[in-house]
Amino acid sequence: MSSKVLDKGYEPRQVERHWYAFWEREGHFAAADSDGRPAFSIVIPPPNVTGVLHMGHALNNTLQDILCRYHRLKGHNVLWMPGTDHAGIATQNVVERQLAAEGRDRHSLGREKFIEAVWQWREKSGSAIINQLKRLGASCDWQRERFTMDEGLSLAVRTVFVQLYEQGLIYRGLYITNWCPRCRTALSDLEVEHEELDGHLYRIRYPFARGEGGLVVATTRPETMLGDTAVAVHPEDERYADLPADSVILPLVETEIPIIRDTYVDRAFGTGALKVTPAHDPNDFELGRRHDLPSNKVIADDGTMTPAAGRFQGMDRFACREAVVAALRERGLLLGMEPHKHGVGHCYRCKSVVEPNLSRQWFVKVKPLAEPAIRAVENGDTRIIPESWAKTYFDWMYNIKDWCISRQIWWGHQIPAWTCGACAQLTVAMETPARCPACGGSDLTQETDVLDTWFSSALWPFSTMGWPEQTLLLKTFYPTSVLVTGFDILFFWVARMMMMGLHFMGEVPFRDVYVHALVRDEEGKKMSKSKGNVIDPLDVIDTYGTDAFRYTLAAFAAQGRDVRLSEKRVEGYRHFINKLWNAARFALMHLERGYDAGDPAAAPALPDRWILARLRRTVAQVAEALDTYKFNEAAGAAYQFVWHEFCDWYLEAAKPALYGEDAPEAREASRRVLWHVLRDTLVLLHPFAPFVTEEIWDKLPGTSGSIMQAAFPAAADAGDDTPTEAETQMALVMSLVTAIRNVRGEMNIAPAAQLHVTVQSADEAVRAVVAQRRAIVINLARLADVTVGAPGERSATAATAIVGDCELLVELKGVIDFAQEAQRLEKELGKLNKDLSAINKKLNNDSFLEKAPPAVVAEVKEKQALLSEKQDKLNATLARVTAFQRQG
RNA sequence: GGGCGGGUAGCUCAGUCGGGAGAGCACCGGCCUUACAAGCCGGGGGUCACAGGUUCAAGCCCUGUUCCGCCUACCA
């Protein structure tokens with residue numbers, strides 16, 4: 001990058017490509033397995049290999065990158081561990097769809113060939129999201145990229161499975177699980193999304209086997225009645241104390257099923273009689289166990305009716321519902337059909353209605369694992385931020401249920417369990433056993449099910465670092481410093497990592513969990529393809545640049561609040577990036593002929609000392625905010641400093657010195673400060689806007705290497721709020737300038753008009769400061785001159801403004817008309833009176849004077865004195881102006 | 001059913017320890033002032049959802065009401 005002069009506007013595209021390649025090439029993202037520096041580590045929430053970058057990823061990874069870059073600047077050994085998740089069901093669906101397009105399906109292909117096809121697909125398309133993360137500027141240690149299906153992680157999965165099995169924490173059994181008939185697999189409770197749907201509550205009469213009448217049951221899923229094996233009533237329900245029979249005839253099926261009595265039944269619901277379908281309802285399943293009822297599976301795994309459904313066999317479950325209802329109606333057994341809202345489970349991958357279904361599945365016994373994970377958060381080993389999420393975490397963990405981990409799909413970690421063909425003995429082992437340990441038979445077949453994808457993600461913080469080997473990497477970086485994630489996977493992932501980490505590493509997986517919000521559209525709606533309100537992060541990056549986009553995300557990432565994103569907002573931050581660019585452009589014009597890295601504190605000029613003080617304070621604010629995950633505050637503080645202090649005031653105030661050919665020494669001093677402040681500002685901003693800061697860094701004389709290797713600037717002392725002398729003086733100068741500009745604006749005085757201003761103050765020290773800083777005021781307020789003096793003669797033709805205890809007289813003779821000035825003063829007085837009456841009300845209140853802390857009372861009194869003095873002065877001026885106006 | 005979060009300027013949102021209501025955008029007025037018109041200078045704009053309470057003092061603490069959003073749950 002040869003030219004030292006910057007272009008007029010910042011053009012991100014080329015710059016981003018260039019510097020990202022540079023960083024990667026130079027190994028700036030690489031962590032050391034171990035060195036003397038303090039370690040900082042984050043494991044990325046692995047995106048699905050099938051994924052494309054969406055706003056959620058963009059926010060999530062921007063925040064992680066900000067933290068990683070910040071900690072590198074602070075001199076830490078940073079590991080940001082990247083990788084992707086094999087996303088069992090999702091990936092299988094993608095490849096199956098591809099096959100379907102070619103008129104094939106996985107069954108015709110066979111398991112082995114299908115898995116090969118998935119791997120091929122991954123080779124081809126699986127890294128798309130990685131490249132998209134790179135465009136976001138993500139500084140992951142790509143050399144270490146992992147995949148949940150790669151060899152090392154598969155070994156970790158197998159090791160964990162075998163150990164948990166041997167510890168009795170994994171078991172297999174016939175249970176009711178959530179079944180997706182489309183994906184044809186079991187799902188965990190978490191993978192079911194509940195949606196309130198309008199359905200019907202059907203009331204059906206089951207005639208008594210003997211005698212008159214029958215029991216009336218209520219159901220929302222009448223098709224399941226074909227699998228009923230009992231009817232239940234409450235044992236203390238008087239309505240059913242005396243029944244003519246102890247069994248009923250199941251309509252349509254025409255078999256006799258028992259009436260059982262169980263306290264589970266809610267007497268208040270419906271008729272108080274409950275049909276029991278152990279094969280298709282989790283509660284009924286429990287009831288069936290208690291009462292030793294048979295299970296009759298009438299809905300098959302593909303969602304059609306089984307032979308057990310008799311003449312309904314082969315019918316789709318929803319068509320069957322209609323058919324059953326029609327048949328019942330025909331027989332006069334349908335007694336009612338009321339509209340009824342109920343929660344219906346849907347598959348989180350394909351949105352099909354989930355069917356509770358009886359099948360043999362593998363489970364993790366979670367309670368023993370959950371207890372330490374609860375304790376770790378309770379005692380602060382892991383902090384959840386914001387804290388409100390800890391409650392959600394506890395609620396779930398305390399009520400946790402066993403985790404169904406087997407999936408009837410092909411893409412995933414096949415369960416390392418084998419069944420003996422001879423003696424049916426089940427063997428769980430790391431490697432394929434040669435012989436059955438029970439009978440010595442060699443006819444062993446492996447379990448066909450694979451594990452839930454989240455089973456392998458649960459190991460992510462340590463499996464990626466080489467576990468089960470005890471690697472140096474683990475020693476250096478586990479537990480990780482912080483996990484940055486969205487709340488939508490708090491249970492799916494975070495809770496499970498906590499459990500597995502504690503169980504297998506004996507240590508929490510992360511010190512902090514920072515839970516960020518969701519990115520929504522500008523109306524606060526969740527972005528979704530079906531709504532068509534999706535903003536593609538890559539489009540945003542193309543249009544506005546990565547830095548502007550990242551800054552927007554950071555600026556809106558307030559804790560506990562969703563990010564509402566619109567392109568309009570990104571545009572605003574593009575202006576900010578451009579502002580920085582132009583400030584640098586200006587600075588480089590003054591630095592290209594040499595710079596001086598000497599001690600900036602040697603600079604005596606007020607604006608110089610002021611901006612240095614402000615910089616140190618801003619650095620402290622940004623650091624404090626980042627240390628507490630308040631990204632919006634960090635971004636806000638830096639923005640405010642760059643735009644409204646550095647650009648608006650410092651650069652303007654420094655111009656006379658920088659352009660001043662006649663005072664080389666002052667000029668050098670200013671250059672020195674300009675160089676230091678710009679350099680430190682770039683470093684301060686680098687975590688948020690990595691590209692533009694690197695580009696300017698490169699052009700800035702006196703820097704070498706990458707800005708990524710720079711040191712985070714020195715901060716003001718924490719907690720020291722006392723303004724420096726420079727800050728106090730500059731504050732006075734700034735309010736004088738603002739007051740004069742205000743007069744100009746309100747009175748429509750031409751910008752070119754060179755005004756004469758008198759500043760009067762009773763305070764000699766103040767007068768001294770104003771006199772000393774006169775040149776700055778003249779320059780920034782565009783004046784002819786400033787006269788400083790004690791209160792005394794006032795021009796009757798001057799506009800007045802009060803700043804602190806200074807009275808400012810802006811001579812208007814020949815500049816404007818005085819009716820306007822009178823109007824302006826009246827307006828000003830109106831505002832003042834409002835403020836004063838509020839304050840006087842306080843001071844007239846005896847209990848305030850008695851009970852409020854003396855410091856507060858003194859403050860209010862001081863304020864009152866100040867305002868009323870201002871009021872007096874303005875009134876006097878108004879009188880003068882009015883008089884002058886009358887005279888003509 | 002249970003839980004959580006939110007309601008502050010036209011819009012999107014900050015607001016720390018209870019002590020004079022802020023920012024960005026939008027709007028109005030004035031400026032091509034030699035880094036930047038993607039800019040500069042100035043300005044207007046609020047019943048802090050509603051009702052009550054605690055307090056000398058409430059956007060902030062407490063109670064209730066209401067509206068919105070989300071999570072969670074085996075009442076068929």
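Order of the sequence lines sets the chain letters (A, B, ...), proteins ahead of strands, with each chain counted from 1.
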[X], nearest nucleotide to its side chain (from [options]):
| X | options | value |
| --- | --- | --- |
| A:Arg585 | B:G43, B:C41, B:A35 | B:A35 |
| A:Asp395 | B:C71, B:A35, B:G3 | B:G3 |
| A:Lys568 | B:C41, B:C25, B:A35 | B:C25 |
| A:Lys391 | B:C75, B:G3, B:G42 | B:G3 |
| A:Val856 | B:G43, B:G39, B:G19 | B:G19 |
| A:Pro853 | B:G19, B:G24, B:A35 | B:G19 |
| A:Phe848 | B:U12, B:C56, B:A35 | B:C56 |
| A:Ser847 | B:G15, B:C56, B:C41 | B:C56 |
| A:Leu274 | B:G19, B:A35, B:A76 | B:A76 |
| A:Arg782 | B:U33, B:C25, B:C74 | B:U33 |

Original post:
Under 6.0 Å between the ring centres of A:Tyr573 and A:Tyr639?
Top reply: yes

Original post:
Between A:Tyr551 and A:Phe688, is the gap from one ring center to the other below 6.0 Å?
Top reply: yes

Subject >> Distance-only donor-acceptor test, A:Lys579 side-chain atoms vs B:C36 base atoms, 3.5 Å >> reply: yes

Look at all strands and tell whether [X] reaches a base, only sugar-phosphate, or nothing, counting heavy atoms closer than 4.0 Å.
| X | value |
| --- | --- |
| A:Glu859 | nothing |
| A:Asp648 | sugar-phosphate |
| A:Tyr264 | base |
| A:Arg574 | base |
| A:Lys834 | nothing |
| A:Lys831 | sugar-phosphate |
| A:Pro356 | nothing |
| A:Asn578 | base |
| A:Thr219 | sugar-phosphate |

Using a cut-off of strictly less than 4.0 Å, decide whether [X] has a side-chain nitrogen or oxygen near OP1 or OP2 of [N].
| X | N | answer |
| --- | --- | --- |
| A:His280 | B:C74 | no |
| A:His575 | B:G39 | yes |
| A:Lys655 | B:A35 | yes |

Whole-Å [atom1] distance, [N] and [M]:
| N | M | atom1 | result |
| --- | --- | --- | --- |
| B:G59 | B:G22 | P | 13 Å |
| B:C62 | B:U54 | C1' | 7 Å |
| B:G19 | B:A23 | C1' | 22 Å |
| B:U66 | B:A49 | C1' | 8 Å |
| B:G42 | B:G53 | P | 44 Å |
| B:A57 | B:U72 | P | 44 Å |
| B:C67 | B:G10 | P | 24 Å |
| B:G44 | B:A9 | C1' | 11 Å |

Starting from [atom2] on [N], measure out to [atom1] on [X] and report it in whole angstrom.
| X | N | atom1 | atom2 | value |
| --- | --- | --- | --- | --- |
| A:Glu652 | B:U33 | CD | C1' | 9 Å |
| A:Asn283 | B:A73 | CG | C1' | 11 Å |
| A:Phe487 | B:C71 | CZ | C1' | 8 Å |
| A:Tyr639 | B:U12 | OH | P | 19 Å |

Original post:
If you draw the axis of the six-membered ring of A:Phe848, does the NZ or CZ of A:Lys841 fall within 45° of it and under 6.0 Å from the ring centre?
Top reply: no

**OP:** State which residues pass ring pair (Phe, Tyr, Trp, His ring centres under 6.0 Å) with A:Phe492; sequence neighbours excluded, sorted by chain then number.
**Re:** A:Tyr348, A:Trp454

When you measure from the side chain of [X] to the backbone of [Y], do you find a donor-acceptor pair of N or O atoms at a distance under 3.5 Å?
| X | Y | answer |
| --- | --- | --- |
| A:Thr219 | A:Arg221 | yes |
| A:His280 | A:Val298 | yes |
| A:Thr271 | A:Val216 | yes |

**OP:** Sorted by first residue and then second, give each side chain to side chain donor-acceptor pair (under 3.5 Å) pair with at least one member in residues 844-859 of chain A; sequence neighbours left out.
**Re:** A:Asn845-A:Ser847

